Amino acid sequence: MSWDETRRVLLSEWTKIRSVRSTVWTLAAALVVTVALGMLICLLVRNTFNELSPHERMTFDPTLTSFAGTSLGQLAMIAFGILVVAGEYSTGMIRASLSAVPRRGLLMFAKVAVATALALAVGMVTSFLAFVLGQALLGDHRTNLGEPNVLRAVFGGGLYMGLIALFAMGVAWMLRSPMLSFGVLIPFFFMISGILANVSATQKLGRYLPDQAGSWIMSVVNTGDRPYGPWAGLGIMVLWVAAALLGGYLVLRRRDA
Amino acid sequence: MIELSDLTKRYGAKTAVEGLTFSVRPGVVTGFLGPNGAGKSTTMRMMLGLDHPTDGEVRIDGRRYAELRDPLTFIGALLEARSVHPGRTAYHHLQCLAQSNGIPTRRIDEVLDLVGLTAVARKRPKGFSLGMGQRLGIASAMLGDPRILMFDEPVNGLDPEGIHWIRNLMKRLAAEGRTVFVSSHLMSEMALTAEHLVVIGRGRLLADTSMARFIEENARTSVRVRSPEPERLREALEGAGLAPARRPDGGFEVEGGDTARVGELAAEHRVTLHELSVERASLEEAFMRLTHGTVEYQAHDGGDDELG
Ligand SMILES: Nc1ncnc2c1ncn2[C@@H]1O[C@H](COP(=O)(O)OP(=O)(O)OP(=O)(O)O)[C@@H](O)[C@H]1O
Ligand SMILES: [Mg+2]
């Protein structure tokens, strides 16, 4: 696999991704929803801060609060990942793509690399915007990037957005159908994972789910209820992503297009 | 040049293609014929490396598809199912394919012009008619100016003018020395374009021959003859070693006879004739005879014989 060949396929994937409207819509939704919902929650918290219990006030995490929109905004990132990959199958474009680039590993690498780079870029912008605007609304309770661990949390928030899109891509390579991928991923990340991580019976294992472990990077105040640190949490998410991509690669190699 | 050797494809228990061995030569249009479900599209997908053969292999200019560097410059294909994202403009669709194979940008405008889609280059194909979609597929196939072209039922959904255009395009491409492989289930269509013929039924090879030879061998002619004195006519014909077969209208059909011979026999025996004509079996009928029994999804007319 020469560099020249790889460069061409990357360029081709870049053309593909920028020439469909869903790219703009999903990424814009991820940014707007995450930032706007975060701002709303920050505003609510500032106005009701005095009603919080003393313990809640002690462990108040302004950084994490400004990321409250992530839980919803990440769904748009997931949609982005699904549409980039499974959209090739639902439209039949995959047959044209594989005829042009029959080395399936190369095609997958290029598509995933381009889409992840874009998701990471939008994720970083989203993360910093959510932080800056959220803090502005928190008033006296705000923090800043100079405080310990805050920069790590904000930078980590951007990484999280990119990783969640990447995870969705891996799953979509396995499932191929956009409908099926949405049906599996959206309910899972919107509800099921949250339930599993909070119900006491499943809590211990639920904390190792990709989003639960990965989102720990956005916390600055250590509430002591996680058996792993922020970077280790992100590492767990990376393992999930790697597994999803490996599964996707195996399916792509073995199955007929 | 495309070479298939012992190509086989099974989907679970279903065998779609079985032991296909033939090659497609440059310089002529090769028609790939078979009834519905015969395995034409499956074979073509395997030629492009999209479906993995259960057994056997395909070689394109001696190499496997996956080993081709910039495959679109070797072989271009129009597949049966649409292979275009409906939300990506025709131009961008061609652009991303061109970029992946190092094809110069100017070629995009050339092929758009060739298929007559220049005016809608910046439009999204979701609004395209069937024929326009087909033309975009042909533009994709021609993009890399390949020596080998493959079309899976290209006239599907085209109007007469479009059909005419495709026919001429294929002939021109072959005349330029390219390999042109085109599938159809219409023998009459192939008779107009193809010089060579590969026929399959139920995934198996039934014929691999030149069109001229196929016509010569299969277009049998017979004589139709009718007389008010059928029994005397029969005797006369049988006496001369011919085998008249009774027709529903009371006349006879004489396989292998010619009108002159039958007319002379009738005159000799003083039998009055009301009709004497040549009956030519059409190529379509020849094709149906060849593939009979291999037809996967056969319609039954009326169903009298089953229901009695
Ligand atoms: N992905 C698949 N899974 C299961 N069976 C398949 C698959 N693709 C094709 N088949 C079966 O293989 C057989 C050959 O199909 P194919 O589409 O290749 O025929 P065809 O000659 O192109 O027919 P048509 O003239 O209708 O286009 C059919 O019986 C079809 O049902
Ligand atoms: Mg077909």
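A note on names: the letters A, B, ... follow the listed sequences, proteins ahead of strands, and every chain is numbered from 1. Computed from a predicted model, the values in this text were never measured in an experiment.
- Inter-residue side-chain proximity for B:H85 and A:V20 is flagged as met; some heavy-atom pair is nearer than 4.5 Å.
- With rounding to the nearest 0.5 angstrom, the OG1 atom of A:T15 is 11.5 Å from the CG atom of B:L94.
- What you find for A:S12 and B:Q99 is that their closest heavy atoms are CA-OE1, 3.5 Å.
- Surrounding CZ of A:F155 are at most 12 heavy atoms belonging to other residues, nucleotides or ligands under 6.0 Å away.
- For the atom pair CZ of B:R88 and CZ of A:R21, the computed distance is 13.0 Å after rounding to the nearest 0.5 Å.
- Residue with the most contacts toward chain A among B:Q95, B:R124, B:R45: B:R124 (heavy-atom pairs, distance under 4.5 Å).
- With a 4.5 Å cut-off on non-hydrogen atoms, A:R104 touches chain B through its side chain but not through its backbone.
- Counting heavy-atom neighbours within 6.0 Å of B:M1 CE, excluding the residue itself, gives a total above 12.
- Within a 6.0 Å radius of CH2 in A:W231, other residues, nucleotides and ligands contribute more than 12 heavy atoms.
- If you measure heavy-atom distances from B:L79 to chain A, the contacts under 4.5 Å come from the side chain alone.
- The closest side-chain heavy-atom distance from B:K9 to A:D256 is below 4.5 Å.
- The two residues A:T91 and B:P86 have their closest heavy-atom pair at CG2-CD, 3.4 Å.
- Contact annotation for B:Y11: only side-chain heavy atoms (C-beta onward) come within less than 4.5 Å of a heavy atom of chain A.
- Remark: B:S140 OG to A:R95 CZ distance equals 12.5 Å, nearest 0.5 Å.
- Atoms CZ and CD, from B:R69 and A:E5 in turn, are 5.0 Å apart once rounded to the nearest 0.5 Å.
- Rounding to the nearest 0.5 Å gives a distance of 13.5 Å between NE2 of B:H92 and CD1 of A:I17.
- Contact tally against chain A (heavy-atom pairs below 4.5 Å) for B:A77, B:P71, B:A98: the top residue is B:P71.
- Residues A:S99 and B:L50 are in side-chain contact: their nearest non-hydrogen atoms beyond the backbone lie under 4.5 Å apart.
- A distance of 5.0 Å separates CE of A:M93 from CG of B:L97, quoted to the nearest 0.5 Å.
- At most 12 non-hydrogen atoms from other residues, nucleotides or ligands lie less than 6.0 angstrom from CZ of B:R204.
- Smallest separation of non-hydrogen atoms from A:K16 and B:C96: CG-SG, 3.6 Å.
- For A:R18, the part sitting under 4.5 Å from any heavy atom of chain B is the side chain, from C-beta outward, and nothing else.
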